[in-house]
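Worksheet: one structure, shown below.
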Amino acid sequence: MSSPESASADTSAERPAATQRPLRAHAQRNRDKLIAVARAAFAAAGDTVPLESIAREAGVGIGTLYRHFPTREALVEAVYAAELDDIATSAPALLERFPPQIALRAWMERYAAFAAVKRGMADALRAGQASGRIPTSTTRERITAAIATILAKGAETGSLRADVDPDEVTTMVLGVLLATAARDTPEQTGRLLDLLVDALLPRAAG
């Protein structure tokens with residue numbers, strides 16, 4: 001007997017991308033709620049969390065979830081894409097609110113939350129990447145571009161060093177998150193990110 005998940009995937013014919021119509025406002029709100037709830041659930045409990053509980057927490061029926069995401073993998077991929085888009089485009093808004101050094105630290109905190117969601121979805125993400133459904137070639141470029149935006153503003157205002165390669169900062173951020181992932185200690189992660197930002201402050205004249 002097939003599961004509701006597989007049955008839904010079998011019976012939902014997808015329109016070609018070019019002919020899909022934009023979602024109505026109510027449907028878009030439901031989709032956004034499902035992604036937000038799934039993000040928190042995957043970060044806390046991994047991608048084995050029951051889809052029924054995600055639908056219930058989002059305040060919709062399981063049928064609504066399947067209409068938007070015919071399979072668990074489709075939901076995981078949507079969460080990943082939404083998270084990456086948010087991270088990659090958040091630098092300008094942070095710079096409007098904070099000085100560059102504070103914006104950089106806030107961006108790192110947001111990226112750390114993204115990394116936690118990715119760990120919760122690791123198995124499904126690997127499957128999606130192996131199949132080519134989740135492109136990985138531009139992920140680091142988009143992350144580095146966000147860091148570069150903040151570093152450039154910091155160099156312009158004199159609040160961050162101007163002699164730093166953004167890709168090297170990406171490497172350091174990834175190193176901190178990889179080193180602390182197994183311990184699951186947000187406090188230590190925060191301290192290490194603080195040290196990293198300190199290292200990017202302008203050097204005092206000697």
Side-chain angles (χ1 to χ4, degrees), residues 28 31-33 35-44 76-122 124-126 128-129 133-206:
Q28 185 64 57
R31 188 181 192 278
D32 292 344
K33 282 192 294 185
I35 289 175
V37 170
R39 174 194 177 278
F42 293 154
V76 166
E77 291 162 20
V79 170
Y80 177 81
E83 284 285 280
L84 180 58
D85 284 346
D86 185 63
I87 286 292
T89 61
S90 61
L94 288 170
L95 287 169
E96 287 182 2
R97 295 176 58 195
F98 305 115
Q101 71 275 22
I102 304 300
L104 181 60
R105 182 62 181 83
W107 185 92
M108 290 179 179
E109 192 72 25
R110 179 65 183 84
Y111 187 77
F114 172 53
V117 175
K118 284 178 62 179
R119 286 195 295 273
M121 304 187 301
L125 284 176
R126 278 193 290 268
Q129 289 164 355
R133 294 191 307 271
I134 300 177
T136 59
S137 58
T138 61
T139 298
R140 182 171 179 129
E141 292 175 10
R142 296 181 70 190
I143 296 304
T144 301
I147 291 174
T149 297
I150 300 175
L151 290 178
K153 186 64 174 180
E156 177 186 321
T157 61
S159 56
L160 291 171
R161 290 171 54 175
D163 61 341
V164 177
D165 183 338
D167 190 65
E168 292 179 347
V169 178
T170 299
T171 299
M172 289 188 285
V173 172
L174 292 174
V176 167
L177 298 179
L178 285 172
T180 58
R183 299 186 183 94
D184 192 23
T185 53
E187 297 82 6
Q188 184 186 40
T189 301
R191 288 194 299 271
L192 291 173
L193 293 176
D194 286 342
L195 288 172
L196 176 50
V197 173
D198 285 346
L200 298 173
L201 298 179
R203 297 172 178 173

Kindly indicate whether the side chain of [X], heavy atoms from C-beta on, has any atom under 4.5 Å from the side chain of [Y].
X: Ile143; Y: Val173; result: no
X: Lys153; Y: Thr149; result: no
X: Leu195; Y: Arg191; result: no
X: Ser159; Y: Pro99; result: no
X: Val117; Y: Tyr80; result: no
X: Arg142; Y: Asp85; result: yes
X: Leu201; Y: Gln101; result: yes

Between [atom1] of [X] and [atom2] of [Y], what distance do you get to the nearest 0.5 Å?
X: Leu200; Y: Ile147; atom1: CG; atom2: CD1; result: 9.5 Å
X: Lys118; Y: Thr139; atom1: NZ; atom2: OG1; result: 7.0 Å
X: Glu187; Y: Leu192; atom1: CD; atom2: CG; result: 11.5 Å

Candidate pair Leu174 and Tyr111, rule side-chain contact (heavy atoms from CB on, under 4.5 Å), full reasoning: CA-CA 9 Å; Leu174 292 174; Tyr111 187 77; 3.3 Å; yes
Full working for salt bridge (charged side-chain N to carboxylate O under 4.0 Å, His left out) between Glu83 and Arg110: CA-CA 10 Å; Glu83 284 285 280; Arg110 179 65 183 84; 2.8 Å; yes
Which atoms form the tightest heavy-atom contact between [X] and [Y], and what is the distance?
X: Ala113; Y: Arg39; result: CB-NH2, 3.6 Å
X: Leu94; Y: Ala106; result: CD2-CB, 4.1 Å
X: Ala103; Y: Ile150; result: O-CD1, 4.1 Å
X: Thr157; Y: Pro100; result: OG1-CG, 3.7 Å
X: Leu151; Y: Pro166; result: CD1-CA, 3.8 Å

Indicate yes or no for a side-chain donor-acceptor contact from [X] to the backbone of [Y] under 3.5 Å, with no hydrogens or angles considered.
X: Arg119; Y: Phe42; value: no
X: Trp107; Y: Ile87; value: yes
X: Arg105; Y: Gly190; value: yes
X: Thr144; Y: Glu141; value: no

Partner set under salt bridge (Lys or Arg N to Asp or Glu O under 4.0 Å) for Asp198, not counting sequence neighbours: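 Asp198 satisfies salt bridge (Lys or Arg N to Asp or Glu O under 4.0 Å) with no residue once adjacent residues are dropped.
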Verdict with reasoning, Leu104 to Phe98, per side-chain contact (heavy atoms from CB on, under 4.5 Å): CA-CA 9 Å; Leu104 181 60; Phe98 305 115; over 6 Å; no
Thr171 side chain to Arg140 side chain, donor-acceptor N/O pair below 3.5 angstrom: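 Checked: Thr171/Arg140 side chains pair up, N/O donor to acceptor below 3.5 Å.
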